Amino acid sequence: MQKELTKIIVLLSSSKVGEKITVNGWVRTKRESKNVAFIALNDGSTIKNIQIVADKEIISEDILVKINTGAAISVKGELVESKGTEQSVEVIAETIIVLGEANPDEYPLQPKRHSLEFLREKAHLRFRTNTFGAITRIRHAMIFAVHKFFNDKGFYNIHTPIITGSDAEGAGEMFHISVFNPENMPLNEDGSVNYAEDFFGKETNLTVSGQLEGELAALAMSNVYTFGPTFRAENSNTSRHLAEFWMIEPEMAFYDINDNMDLAEEMLKYLVKYALDNCADDLQFLEKRLIDEEKSKPQNQRSEMALIEKLNFVLENDFVRTTYTEAIKILKNSKPNKKKKFNFIIEEWGADLQSEHERYLVEKHFKKPVILTDYPKDIKAFYMKQNDDGKTVRAMDILFPGIGEIIGGSQREERYDYLLKRMREMNIPEKEMWWYLETRKFGTVVHSGYGLGFERMMLFVTGMGNIRDVIPFPRTPKNAEF
RNA sequence: UCCUCUUUAGCUCAGUUGGUUAGAGCACCUGACUGUUAAUCAGGGGGUCCUAGGUUCAAGUCCUAGAAGGGGAGCCA
């Protein structure tokens with residue numbers, strides 16, 4: 001079967017005009033005339049449809065009546081130059097086989113715009129829309145580009161565990177893993193659950209980060225990265241959070257904070273360029289979609305740049321690098337702070353930056369992606385390298401317009417004494433983390449790393465507004481359908 | 001979890017101060033016309049007005065509680 005088939009992207013781009021071809025796909029629309037019917041067919045290989053011309057003298061009425069939006073068909077015919085103006089080539093059908101019908105009374109997708117909320121409830125069918133076809137192709141391209149970027153740089157991909165026995169990673173609420181029957185858990189004498197009898201003989205959870213294990217690998221392989229599923233049981237109901245998402249976490253030995261920033265900026269630009277170079281049709285469609293959507297909004301709420309212009313802008317400009325301390329100065333002197341327009345007024349050094357502050361810095365003040373470094377140690381994780389000032393750590397957060405924090409990373413604390421002291425101060429159970437501490441006892445070196453939320457990158461590249469629309473089957477509080 | 005908005009036909013939405021038989025566009029069915037481009041034109045079918053209570057002579061409309069969804073916030077990637 002496969003050997004005879006030609007993908008639509010090949011039909012549209014090649015010089016197969018005049019050849020007999022077979023093409024399979026799903027019907028987007030059918031337009032009927034007296035003597036001829038036109039079928040727009042799509043097989044996922046490109047956002048463009050191929051037009052099938054069905055002469056009613058050749059294709060019988062009992063076949064045509066089954067060809068409705070959503071039906072799967074196989075078409076044999078000749079690829080010819082089109083007489084119409086909207087497409088360059090089309091297929092003159094000689095035979096059409098209806099592979100799978102789609103009852104038009106029941107098929108929920110129409111050849112018109114649907115709301116993204118509606119399509120979310122039809123996630124099993126939304127791949128069949130232009131928007132989700134485009135997103136699916138771009139998502140694949142970005143996954144591939146991540147691996148290509150790191151492979152070309154000599155990084156090793158490692159699989160860190162999805163089930164973890166450590167609850168010290170400090171990145172939010174975790175999903176518990178157990179084989180116990182929740183109605184009948186083995187208990188200790190004091191009434192607590194006896195995890196010694198559980199599958200792993202201890203309490204286990206789904207991972208919230210592969211970083212700690214990534215560090216172990218980096219301190220032997222030099223440069224590694226993970227790209228795996230990550231789970232957070234936070235009750236987060238926003239357009240930027242998922243309970244199950246995919247994270248890219250490189251860890252590099254002999255990288256200081258500046259090397260870390262250089263790599264992160266280079267990677268983000270590489271991914272953007274890869275999308276521009278390889279997903280032009282899909283990006284153009286999404287850009288047009290976004291412009292149409294924003295037409296109903298007032299002028300001041302519309303994007304300043306169209307999607308492709310925005311991607312090029314990021315590509316062509318250096319990210320602004322500045323410190324937390326500088327950012328606080330800028331924010332303290334900012335108009336919204338002085339006029340008390342912020343919900344959280346910046347009073348003094350040490351305050352955690354709220355998303356309104358991050359947005360001000362990125363969207364109003366610098367108007368570029370911003371890398372903030374050297375945060376107060378008290379608002380950052382225990383494993384970050386402490387600066388000599390005793391107050392700050394070598395953290396770096398990369399802030400993107402419209403998205404906020406897209407990358408969080410740091411130079412790691414490689415000094416055993418400093419790390420142990422900080423763990424004790426922050427009540428990190430050092431006994432459980434013996435293996436992490438041992439890497440600082442044996443051959444410890446300066447090293448760094450960061451985490452990129454893959455779906456947040458997808459939000460930026462596609463211009464989509466809700467993270468539930470850039471992953472095929474989103475997992476969010478109260479939603480694990482499909 | 002908090003704030004806020006929404007829920008009416010398969011989809012997108014209108015529905016006035018509470019008042020007769022709840023509307024439109026698209027989709028679907030029938031017909032006309034046509035190498036069409038989200039085809040066009042005419043006609044037709046299609047409703048648990050989110051759910052449960054309540055107020056009232058009368059509730060899509062007002063009140064209470066709940067559910068689902070959107071937007072914002074927190075947590076973060």
Side-chain angles (χ1 to χ4, degrees), chain A residues 28-40 48-49 51-56 65 68-70 80 82-87 90 92 102-122 129-130 169-173 208-211 229-249 264 292 296-297 301 342-344 352-359 379-381 397-400 403-409 450-460 465-471 476-479 481:
Chain A
R28 288 295 177 79
T29 61
K30 179 182 66 173
R31 295 177 291 274
E32 281 197 81
S33 297
K34 190 171 192 179
N35 302 315
V36 67
F38 299 94
I39 301 157
K48 292 174 183 159
N49 302 323
Q51 173 155 287
I52 310 295
V53 182
D55 190 317
K56 290 186 175 176
V65 77
N68 299 109
T69 300
V80 300
S82 178
K83 292 183 202 167
T85 55
E86 306 281 311
Q87 59 278 318
E90 62 193 14
I92 305 295
N103 182 341
D105 286 332
E106 294 174 33
Y107 188 66
L109 301 183
Q110 296 166 24
K112 68 160 198 173
R113 182 183 300 272
H114 287 94
S115 70
L116 296 170
E117 292 83 4
F118 172 73
L119 292 172
R120 243 168 256 157
E121 292 169 7
K122 303 272 180 276
T129 63
N130 286 331
E169 290 163 17
E173 291 294 312
V208 293
S209 165
Q211 177 198 319
T230 310
F231 307 88
R232 305 264 168 99
E234 300 285 353
N235 191 11
S236 295
N237 293 287
T238 81
S239 54
R240 299 181 307 282
H241 289 86
L242 292 165
E244 175 184 290
F245 63 99
W246 291 73
M247 191 153 63
I248 297 143
E249 294 177 289
D292 287 347
S296 60
K297 289 185 179 175
Q301 285 178 29
F342 283 141
N343 289 319
F344 296 88
D352 212 346
L353 298 183
Q354 308 294 320
S355 64
E356 60 183 344
H357 306 132
E358 295 178 349
R359 293 186 69 135
I379 59 172
K380 288 291 179 187
D397 285 359
I398 303 189
L399 311 177
F400 260 36
I403 292 169
E405 187 179 340
I406 197 166
I407 279 181
Y450 60 84
L452 168 71
F454 182 63
E455 284 76 16
R456 291 203 177 161
M457 186 65 193
M458 282 294 297
L459 280 179
F460 184 75
N466 193 311
I467 203 161
R468 297 174 180 100
D469 296 328
V470 295
I471 186 168
T476 53
K478 302 277 186 288
N479 179 21
E481 190 73 51

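Everything numeric here is computed off the predicted structure, so don't read it as measured data. In what follows, every chain begins at residue 1, and chains take the letters A, B, ... in the order their sequences are listed.
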Using atom [atom1] of each nucleotide, how far apart are [N] and [M] to the nearest Å?
| N | M | atom1 | result |
| --- | --- | --- | --- |
| B:U17 | B:U61 | C1' | 10 Å |
| B:C2 | B:A14 | P | 28 Å |
| B:G71 | B:G35 | C1' | 46 Å |
| B:G60 | B:U16 | P | 12 Å |
| B:A67 | B:C11 | P | 23 Å |
| B:U6 | B:G15 | P | 12 Å |
| B:U4 | B:G66 | P | 14 Å |
| B:G72 | B:U36 | P | 44 Å |

Which pair of heavy atoms, one from A:E244 and one from A:F231, lies closest together, and at what distance?
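Looking at all heavy atoms of both residues, the shortest contact is OE1-CE2, 3.4 Å.
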Tell me, for nucleotides 2-13 of chain B in 5' to 3' order, what letter each nucleotide earns: B for a base near a protein heavy atom under 4.0 Å, S for only sugar-phosphate near one, - for neither?
--------BBS-
Take A:H357 and A:F342 through the test ring-ring contact (aromatic ring centres under 6.0 Å, His included) and record every step on the way to the result.
CA-CA 8 Å; A:H357 306 132; A:F342 283 141; 4.7 Å; yes
Using a 4.0 Å heavy-atom cut-off across all strands, classify [X] as base, sugar-phosphate, or nothing.
| X | result |
| --- | --- |
| A:E356 | nothing |
| A:T230 | nothing |
| A:G84 | base |
| A:E249 | nothing |
| A:R468 | sugar-phosphate |
| A:T85 | base |
| A:E405 | sugar-phosphate |
| A:I407 | sugar-phosphate |
| A:E32 | base |
| A:L242 | base |
| A:E106 | nothing |

Side-chain donor/acceptor contact of A:E86 with base of B:U36 under 3.5 Å:
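Per atom types, no contact qualifies.
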Quick check: any donor-acceptor pair below 3.5 Å linking the side-chain of A:S236 to the base of B:C76?
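Between B:C76 and A:S236, which were checked side chain against base, a qualifying N/O pair under 3.5 Å is absent.
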G-U wobble or Watson-Crick pairing nucleotide for [N] (cut-off 3.5 Å, both distances):
| N | value |
| --- | --- |
| B:U64 | B:A52 |
| B:C11 | B:G25 |
| B:G69 | B:C5 |
| B:G74 | none |
| B:U34 | none |

When you check the phosphate oxygens OP1 and OP2 of [N], does a side-chain N or O of [X] lie under 4.0 Å from one of them?
| X | N | result |
| --- | --- | --- |
| A:R240 | B:C75 | no |
| A:T238 | B:G72 | no |
| A:R28 | B:A38 | no |
| A:S355 | B:G74 | yes |

Expected output: side-chain [X] to main-chain [Y] donor-acceptor under 3.5 Å:
| X | Y | answer |
| --- | --- | --- |
| A:N68 | A:G70 | no |
| A:Q87 | A:Q51 | no |
| A:E249 | A:G451 | no |
| A:T238 | A:R240 | yes |

Check whether the aromatic ring of A:F38 stacks on the base of B:G35, taking stacking as ring centres less than 5.5 Å apart and planes within 30° of each other.
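Per 5.5 Å and 30° rule: no stacking.
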Mind checking the NZ-CD spacing from A:K48 to A:E86? Nearest 0.5 Å is all I need.
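CD of A:E86 is found 12.5 Å from NZ of A:K48.
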Nearest 0.5 Å, what's the CZ-CD1 distance between A:R456 and A:I398?
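Taking CZ in A:R456 and CD1 in A:I398, the distance rounds to 13.0 Å.
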Without decimals, in angstroms, what is the distance between [X] [atom1] and [N] [atom2]?
| X | N | atom1 | atom2 | value |
| --- | --- | --- | --- | --- |
| A:R31 | B:U40 | CZ | C1' | 13 Å |
| A:K83 | B:U34 | NZ | P | 16 Å |
| A:N235 | B:A73 | CG | P | 16 Å |
| A:E481 | B:G69 | CD | P | 11 Å |
| A:D469 | B:G71 | CG | C1' | 14 Å |
| A:I406 | B:C76 | CD1 | C1' | 13 Å |
| A:K478 | B:G66 | NZ | P | 14 Å |
| A:F344 | B:G72 | CZ | C1' | 12 Å |

Between A:E455 and A:I92, which has a closest nucleotide on RNA chain B that is more 5'?
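Its nucleotide being nearer the 5' end, the pick is A:I92.
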Electrostatic pair A:K56:A:E32 at N-O distance under 4.0 angstrom
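The answer is yes: the pair qualifies as a salt bridge.
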Between [options], which nucleotide has the shortest distance from any of its atoms to the side chain of [X]?
| X | options | answer |
| --- | --- | --- |
| A:T29 | B:C75, B:A77, B:A39 | B:A39 |
| A:Q354 | B:C75, B:G70, B:U36 | B:C75 |
| A:H241 | B:G74, B:U36, B:G70 | B:G74 |
| A:S239 | B:U34, B:A77, B:G71 | B:G71 |

Side chains of A:R359 and A:Q354, heavy atoms from C-beta outward: is any pair under 4.5 Å?
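A side-chain contact under 4.5 Å is absent here.
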Minimum side-chain heavy-atom gap A:R468-A:T476 below 4.5 Å
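SC-SC contact between A:R468 and A:T476 confirmed.
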Sequence neighbours left out, what passes salt bridge (Lys or Arg N to Asp or Glu O under 4.0 Å) with A:K122? Give chain and number order.
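By the salt bridge (Lys or Arg N to Asp or Glu O under 4.0 Å) rule, A:K122 matches no residue at all.
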